[in-house]
Amino acid sequence: MQNFLAQLSEGTEILMILSIILFAGFIMTRLTNTLNLPKVSGYILAGILIGPCCLDYIPEDIIGHMGFISDLALAFIAFGVGKFFKKEVLLRTGKKIIIITLFEALAAGILVTLFVKLIFGLEWEFSLLLGAIATATAPASTMMTINQYKAKGEFVDTLLQIVALDDVVCLLAFSIVSAIASGKAAGGASIDDIVFPLVYNLLAILLGFFCGYFLSRLLIPTRSKDNRLILVIAMLLGISGICAAVNISPLLSCMVFGAAYINLTEDKKLFRQINNFTPPIMSIFFIVSGMNLDLHALKTVGIIGISYFAVRIVGKYVGTYVSCLVTDTAPSIRNYMGLALIPQAGVAIGLAFLGQRMLPKETGSLMLAIILSSSVLYEMIGPVCAKLALVFSGCIPSEHLLKTDSETEEKHEKSEEIPEEKEIQKEADPTDYSAGEESFAEMVAEMNAGVDERDDDDIEKVIPVPAEKEKDKEKEKKKKKHRKMERKGA
């Protein structure tokens, strides 16, 4: 394949490589779907398959020049995380959720850091970065399981709020740790090496807030969909470029950008529009991650990788259990919440790429191998653990343990039928959320919906009530009126 690609012009070669990458990801996800595995696992496996370690379809020099994909993907991820910083949501979550999130995230990070440093004697830079990455949780697998079984209750509401805020804690921890690691990598002799990265991160936060305010003024109601998308992507690219110029992560700035915009405008449609735009970028990002995985490095990962995999799970569970005891949370949440916080994928992989750049080549490759290999395992066992947590906590009946996924989905298809009048009423005000039991779950589900699925300004949108039914209603009204007139005449 490489011989064929070498005969093409540079532009044609890049186009063919992108086509191969996307097709490989699509084909591999067909296989992982049949095995009930997350798509992320399929993308990573596709990257390994077509990468230098297996079929070697993609030239290594091209892979080396695709680092900007990770920056772009992380910018979109961080912007999406910012939407959960709505003032109403933060006030509704209360102190309990914040305490639980801080405990479970930081417990995992601190345990991993100390274990890697004290047991294996690795550098503090490596240990701190790996510990910061360990705080992240991937909400996709958990959301998939909740939606699949239509789970509801206090446990689900608490879980959704924790996974929404978990990545926020991770991004903040990584920003601080990366600033310290960058200073130590430069020699650590000068305090400027630590102070300047922290100052740059503070300025990046101000940049994100300014971009959110500026975008809220630019996106007037009459602005077209195309221009809305163009403007937000232009700003995300600009933030990423400015942050790269001063050698800091764009994650924090992009997250503040999203938070500022959602609080100033209450415009959730922009986030759904971004979600419709990003799937190919995320696919390429995960596949390139798989291509960067050095299978030979897995030999050196060995006990370190296994320890990271196990210690992080212990940290998540213990941190959740202790924090629930402190906050006097219900036993069902205290005992089983830790099981639902195991998955780790998108944010962790992106941060591993950033960490790789800050470390020497050998230790950077070791970190990337640990995170990529463990992410595949986490994403494989994560949905199973989340299902068990939902069953044991009473959010879904225990009979689902014995039923196949297809049988469960069939059962819920009948219960999903909503009267058309209620559906119309729901569509009329997509920003109306009550503070009831399912409010946060509904918000997360709507945030993740495609823009075309709930776009009230779409002139091509099909009216849910057919015209024939309207005519029938008018005829029925006329008949009733005629009957009343006859009775009066009689």
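Remember, predicted model here, so these are calculated numbers, not experimental data.
- Aromatic ring pairs are classed by plane angle as parallel below 30°, tilted from 30° to 60° and perpendicular above 60°; the pair Phe79 and Phe271 is parallel.
- Side-chain atoms of Ser240 come within 3.5 Å of backbone atoms of Leu236 as a donor-acceptor pair (strictly under, hydrogens ignored).
- To the nearest 0.5 angstrom, Met337 atom CE is 10.0 Å from Leu339 atom CG.
- In this structure, the side chain to side chain contact (heavy atoms under 4.5 Å, CB included) partners of Thr135, at least two apart in sequence or on a different chain, are Ala105, Cys170.
- Using cut-offs of 30° and 60° for the angle between ring planes, the Phe76 and Phe277 rings count as tilted.
- A cation-pi arrangement, defined by a distance under 6.0 Å to the six-membered ring centre and an angle within 45 degrees of its axis, is absent between Arg312 and Tyr308.
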Original post:
Please walk me through it: do Leu359 and Phe126 pass side chain to side chain contact (heavy atoms under 4.5 Å, CB included)?
Top reply: CA-CA 7 Å; Leu359 297 171; Phe126 179 90; 3.9 Å; yes
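- Dense packing is recorded around CZ of Phe309, with more than 12 heavy atoms of other residues, nucleotides or ligands lying under 6.0 Å away.
- Across every non-hydrogen atom of Ala259 and Ile262, the tightest pair is O-CG2, 3.2 Å.
- Distance CZ/Phe103 to OG/Ser323: 6.5 Å, rounded to 0.5 Å.
- Contact of the Lys96 side chain with the Thr158 side chain is not registered, since no non-hydrogen atoms from C-beta on lie closer than 4.5 Å.
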Subject >> Verdict with reasoning, Leu388 to Tyr336, per side chain to side chain contact (heavy atoms under 4.5 Å, CB included) >> reply: CA-CA 8 Å; Leu388 291 174; Tyr336 306 116; over 6 Å; no
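- Here the shortest heavy-atom pairing between Ala108 and Ala134 reads CB-O, 4.0 Å.
- With values rounded to the nearest 0.5 angstrom, Cys324 atom SG is found 9.5 Å from Glu104 atom CD.
- For the pair Ile100 and Val326, the minimum side-chain heavy-atom distance is 4.5 Å or more.
- Side-chain atoms of Tyr317 come within 3.5 Å of backbone N or O of Asn335 as a donor-acceptor pair.
- Considering only residues two or more places apart in sequence or on other chains, Val311 meets the side chain to side chain contact (heavy atoms under 4.5 Å, CB included) condition with Leu111, Val112, Phe115.
- Separation of atoms CG (Asp166) and NZ (Lys316) is listed at 4.0 Å; rounding is to 0.5 Å.
- The closest donor-acceptor contact from the side chain of Gln273 to the backbone of Lys225 lies under 3.5 Å.
- Between Phe209 and Ala260, the shortest heavy-atom contact is CD1-CB, 3.8 Å.
- Side chains of Glu125 and Thr363 form no contact here, defined as non-hydrogen atoms less than 4.5 Å apart.
- Here the side chains of Thr113 and Leu130 are not in contact, with every heavy-atom distance at 4.5 Å or above.
- Shown here for Tyr43 and Ser283, the closest heavy-atom pair between the two residues is CE2-OG, 3.5 Å.
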Original post:
Can you check side chain to side chain contact (heavy atoms under 4.5 Å, CB included) on Leu270 and Val232, steps first, answer last?
Top reply: CA-CA 9 Å; Leu270 182 65; Val232 68; 4.1 Å; yes
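- Residues Ile21 and Met66 form a side-chain contact, since some pair of their non-hydrogen atoms from C-beta on lies under 4.5 Å apart.
- The shortest non-hydrogen separation linking Leu237 to Leu72 is CD2-CD1, 3.3 Å.
- Counting all heavy atoms, side chain and backbone alike, Met235 lies closest to Cys211 at SD-O, 3.7 Å.
- Counting heavy atoms from C-beta on, the side chains of Ile370 and Leu366 come closer than 4.5 Å.
- Met28 contributes atom CE, which lies 16.0 Å from atom CZ of Phe286 (distance to the nearest 0.5 angstrom).
- Residues forming a salt bridge (charged side-chain N to carboxylate O under 4.0 Å, His left out) with Arg334 (at least two apart in sequence, or on another chain): none.
- To the nearest 0.5 Å, atom CZ of residue Phe23 and atom CD1 of residue Ile287 are 12.0 Å apart.
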**OP:** List the steps and the verdict of side chain to side chain contact (heavy atoms under 4.5 Å, CB included) for Ser307 and Ile119.
**Re:** CA-CA 10 Å; Ser307 299; Ile119 302 300; over 6 Å; no
